[in-house]
Enquirer: 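Below is one structure. I have some questions about it.
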Amino acid sequence: MSRTSSLAGTAERAPAARRPFRWKRAEALLAPAFLYYFVLLVLPSAAFCVVSFYGRSDTGFFDGVFTLKNYVSVLTDGFYLGSLWLTFRISVETTLACLLLGYPAAYYLAKLSPAARKKLIILLLFPLLLSTVIRVYGWIALLGRRGIVNQVLLSSGATDYPIAFLYTEGTVLLGLVSILLPYMIINITNTLITIDPALREAAAAHGAGPFKIFLKVTLPLSGAGMVSGAVMVFTIAMSTYIISFLLGGPKVKLLGNLIFDSTSSFNWPLAAALSVVLVVATAAACGAMVRLLGSPANGMAR
Amino acid sequence: MASVEIAGVSKQYAGAWAVDRVSITVPDGSFFSLLGPSGSGKTTLLRLVAGFLRPDAGTVRIGPAIVNEVPPHKRDIGMVFQQYALFPHQTVLDNVAFGLEMRGMGRKAREAKAREALEMVRMAGRERAYPKELSGGQQQRIAIARSIAARPAVWLLDEPLSALDRKLRIEMQSELRSLQKLLGITTIYVTHDQEEALAMSDGIAIFRDGRIAQQGSAEDLYERPADGFVADFLGSANLIEGVVARGPQGLHVVAEGEAFRPSADHILRENERVHLAIRPERLDLSGAPGAAQGLPARVESVLYLGSDLRVVLRTRGGALLVARAPSRGTALAEGAEVFAAFKPEDAAIVAH
């Protein structure tokens, strides 16, 4: 073999093709979880999709007559549309706030030794041991009319009347961020620690200073963690009920609260339609996010 | 371009000296290899030159300037890593153009330069590919292109070929060497493969436990090893224990009761314990005893290696010798008595 041809030929073998997936064994492993979710999630979801196309009934759950009435009122009534928009906006704000607050914390955690990081992550997860309801009541104790913050403000003379912190959008946002921030931090940290340190060294060796290394290597390669963290935070925020119920009260009604209100007034078909709209809106927003910023699976921003 | 001068450099790791008072001068445009077993300090020294580590003592100069405190990105280096370290989120072209981009070059100019570098490593046409779409050998070519695209003053290579298979490795050795000559770039090359170091280098430093056991040209080290470690690490060597004695013709080495004349360039001290170091290919098994200096031995095993035979011998004094003999025309059987002869100039006398 001549030298040139051996260089071009033998040197460059493409990676071997993957072995085809073996379904039989995988199916068997999947079966228990699949069955569980099929019976308890897929079937009921399908049922409420169907119910959302029926009218309400004063005696039963629904009247069994096909109608688009529920969707028409959800998608044309300013009250429902306003709530959908508010839910979406608060969820986006929560996600952005978690990204901004979470990234630096995740970056710090990723720099630590595995042992030190483990300790801090346990600390980070600690609040999750406490029920959300209890934690949200903590905010009420702090921010209520006679809450600690107002007591301090009143007694110091900074204000003459208690300030209405509760039942505002800002307080709902505060509550959501305080509950959801750990999810974002952990998602980003887990991606940051998988970045090969040699990549940063390679960037440094070829002329990149610390800021450029972050911009050109670390940030794009942590895209997957940001997207998976954002999807998680956004999804939980969109479907929140208890946080907005306690901190938003009658003034900040998110879609989750309207669904609850509909069930309380026994309008099951309307609640079902609202639920379908919520699921579709959440899925669409997440799909757009993944498409725009890269999928969590492939580990790169493309 | 610039020379690299390492003067009395030490670096401590977890209480041990990973690099211990090392001094090396790599002249402008030359190819210098750091050779040694793993953990001997060669990679640590390369990282000190790159600027990923700061020396605890001594100075590193690139050109006239001391760079001890200069971070890597201001050192004007190019580097090839063992596991390629290509940016997975960038195309081949962006990877290769990275150093140029960091040096502030505009898109058009840097892409032209990057294409030029890709041609040098015969990877033109794959500009739009992502690293994961390429084979290991191709990825390493891209990493090489990235490291030279900006024409840095110093080229650092950290075992760049160790992940490749043997045939590809040998091809890449000659390609790297001709690329280095073409660019005239001062090069420091870390390897644990002695053949690679011998084939490519103007100068070699052999590392052992953080220190330099010996440095010099490939021929220096091979023909005149300073000690048994160097002799055995670079190629293989048969080491025969002996002691320096004074005879009628001056100093000579006595081993297994036989007197061996030293070749001209050895400086001996009387009563010093030494090793005779003889390369396997320099042992001649074809002659009869008495015709030349040597040791009688018994054949313990004969291994057929294709072009030649590997013959393991046991001397009467109990030393184990390995000889290489041409497979054609050598008839040796286990248990045969032979005479292992060698010329004085083929027996290096090294410190015990």
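Protein chains get the first letters and strands the later ones, always in sequence-line order, with residue 1 at the start of each.
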Enquirer: What part of B:Arg75 lies closer than 4.5 angstrom to a heavy atom of chain A: side chain, backbone, both or neither?
Expert: neither
Enquirer: Where do A:Ala202 and B:Arg146 come nearest, in terms of heavy atoms and distance?
Expert: CB-NH2, 3.5 Å
Enquirer: Nearest 0.5 Å, what's the CG-CD distance between A:Leu199 and B:Gln83?
Expert: 11.5 Å
Enquirer: Taking every heavy-atom pair that is under 4.5 Å apart, which of B:Ser147, B:Ala150, B:Ala149 has the most such pairs with chain A?
Expert: B:Ser147
Enquirer: Name the member of A:Ala198, A:Ala205, A:Pro210, A:Pro197 that forms the most heavy-atom pairs with chain B at distances under 4.5 Å.
Expert: A:Ala205
Enquirer: Among all residues two or more places apart in sequence or in another chain, which pass the side chain to side chain donor-acceptor pair (under 3.5 Å) test with B:Arg107?
Expert: B:Glu111
Enquirer: Tell me whether the count of non-hydrogen atoms from other residues, nucleotides or ligands lying under 6.0 Å of CZ in A:Arg89 goes above 12.
Expert: yes
Enquirer: Where is the tightest heavy-atom contact between B:His73 and A:Ala208, given as atom of each residue plus distance?
Expert: CB-O, 3.2 Å
Enquirer: Name the region of B:Phe52, side chain, backbone, both or neither, that has any atom closer than 4.5 Å to a heavy atom of chain A.
Expert: side chain
Enquirer: By the side-chain hydrogen bond (donor to acceptor under 3.5 Å, both in side chains) test, which pairs, at least two apart or in different chains, include something from residues 200-221 of chain A?
Expert: A:Arg200-A:Thr218, A:Glu201-B:Arg47, A:Lys216-B:Glu101
Enquirer: What part of B:Leu86 gets within 4.5 angstrom of chain A, counting heavy atoms only: side chain, backbone, both, or neither?
Expert: backbone
Enquirer: Any side-chain heavy atom of A:Asp196 within less than 4.5 Å of one from B:Pro88?
Expert: no
Enquirer: Does CZ belonging to B:Phe81 count more than 12 external heavy atoms closer than 6.0 Å?
Expert: yes
